[in-house]
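So the structure is just underneath, and the comments pick up after that.
Excluded from the calculations below are hydrogen atoms, water molecules and symmetry mates; all remaining heavy atoms, backbone and side chain alike, are included.
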Amino acid sequence: MKLNELLGTEFPIIQGGMANIATGAFATAVSNAGALGLVGSGGMDAEALRAEIRAAKAGTDKPFGVNLMLMNPHIDELAKVVVEEGVQVVTTGAGNPGKYIPTWKEAGIKVFPVVAAPILAHRLERYGIDGVIAEGTESGGHVGEMTTMALVPQVVDAVSVPVIAAGGIADGRQLAAAFALGACGVQLGTCLLASTECPIHDNYKQAVIKAGANDTTVTGRTGGAPVRVLKNKMAREYLRMEKQNLPLEEMEKLTLGSLRRAVFDGDLDTGSFMAGQVAGMIKEIKPLRQIFEELMAGYEAVVKGLNV
């Protein structure tokens, strides 16, 4: 079954739950353009999430979901809000959502945890999840170590539920590859940053468009919380501090509020511009609908042209 059939969307595409970016309005725009929009709860408390869910409900009659970051200090309350608000789909990141899944399933919510390793996917299957999102290290934001090409088929082999591929997907060739690896659909993040509707500062969009193939780096490996970002002054300083084995508290002072500075202020020096390696392929700002249609048309052209 393709992801669009599972979710009731036009395209087999989920939008990534990007903290401070995936607002109710953006989720609405994505869903109205034919994919599954997500409200990203990173950085929110329960009432903030409730407000964004209601904004999404007001803006679309199409399916949308919520991404819950399990490391959020308000996670217990957030887990209840998605039930109270009748959310249809939940994706999770940064941890094991096992203790919340029975309540979500009882409420009729489809649950898709994001995983970076096959072993976690296998463990989560016993909770009755509807599928897993296998996210490779090419992606922007919090990352694991396995690449999408290696991760997706191993997750497909480890579980019997549908697998969604994420990380390093921005055109039809990569969508075709995801399906060839056994995925039923894809999750997109970085290529949606360069959409007309994305509510980030124009400096952020321009930084993604100007990025070359080697313009991302991963900070935070030494502290156990690796994050892929565009290279800038702050990222280079963080890496320098990591090499010197400076205390984690000192490095965290550097990054405090950095994502908000990127998203809202467009601060090119001290902002944390989360983006994946496909940033080097993205060259212009386009409407969401055009991004999705070009992705699907490219996929169909690739499949027709395969010498098999």
* Asked: Hey, quick one: are Ile164 and Val155 part of the same hydrophobic cluster, counting side-chain heavy atoms closer than 4.5 Å, chains of contacts allowed?
  ->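 Per the 4.5 Å side-chain linkage, Ile164 and Val155 are not co-clustered.
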* To do: Identify whether Val132 and Leu151 are in the same connected component of the hydrophobic contact network (ILVMFWY, side-chain heavy atoms under 4.5 Å).
  =>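 The answer is yes; both residues are in one hydrophobic cluster.
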How many angstroms lie between [atom1] in [X] and [atom2] in [Y], if you round to the nearest 0.5 Å?
| X | Y | atom1 | atom2 | value |
| --- | --- | --- | --- | --- |
| Leu49 | Leu68 | CG | CG | 6.5 Å |
| Met274 | Met18 | CE | CE | 11.5 Å |
| Ile200 | Phe273 | CD1 | CZ | 8.5 Å |
| Ser41 | Ile75 | OG | CD1 | 6.0 Å |
| Lys286 | Ile291 | NZ | CD1 | 7.0 Å |

Donor-acceptor under 3.5 Å ([X] side chain, [Y] main chain):
| X | Y | answer |
| --- | --- | --- |
| Gln174 | Asp171 | yes |
| Asp215 | Lys231 | no |
| Lys62 | Ala33 | no |
| Thr216 | Leu230 | no |
| Arg228 | Thr137 | yes |
| Asn72 | Met44 | yes |
| Ser31 | Thr28 | no |

Less than 4.0 angstrom from a charged side-chain N to a carboxylate O is my criterion; do [X] and [Y] meet it?
| X | Y | result |
| --- | --- | --- |
| Glu237 | Arg240 | yes |
| Arg289 | Glu293 | yes |
| Arg50 | Glu47 | yes |

* Do the side-chain N and O atoms of Glu242 and Thr219 include a donor-acceptor pair separated by under 3.5 angstrom? ->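 Per modelled atom types, Glu242 and Thr219 side chains form no pair under 3.5 Å.
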* Asked: Around Met281, counting heavy atoms of other residues, nucleotides and ligands shown, do more than 12 lie under 6.0 Å from its CE?
  ->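 More than 12 heavy atoms, drawn from other residues, nucleotides or ligands, come within 6.0 Å of this atom.
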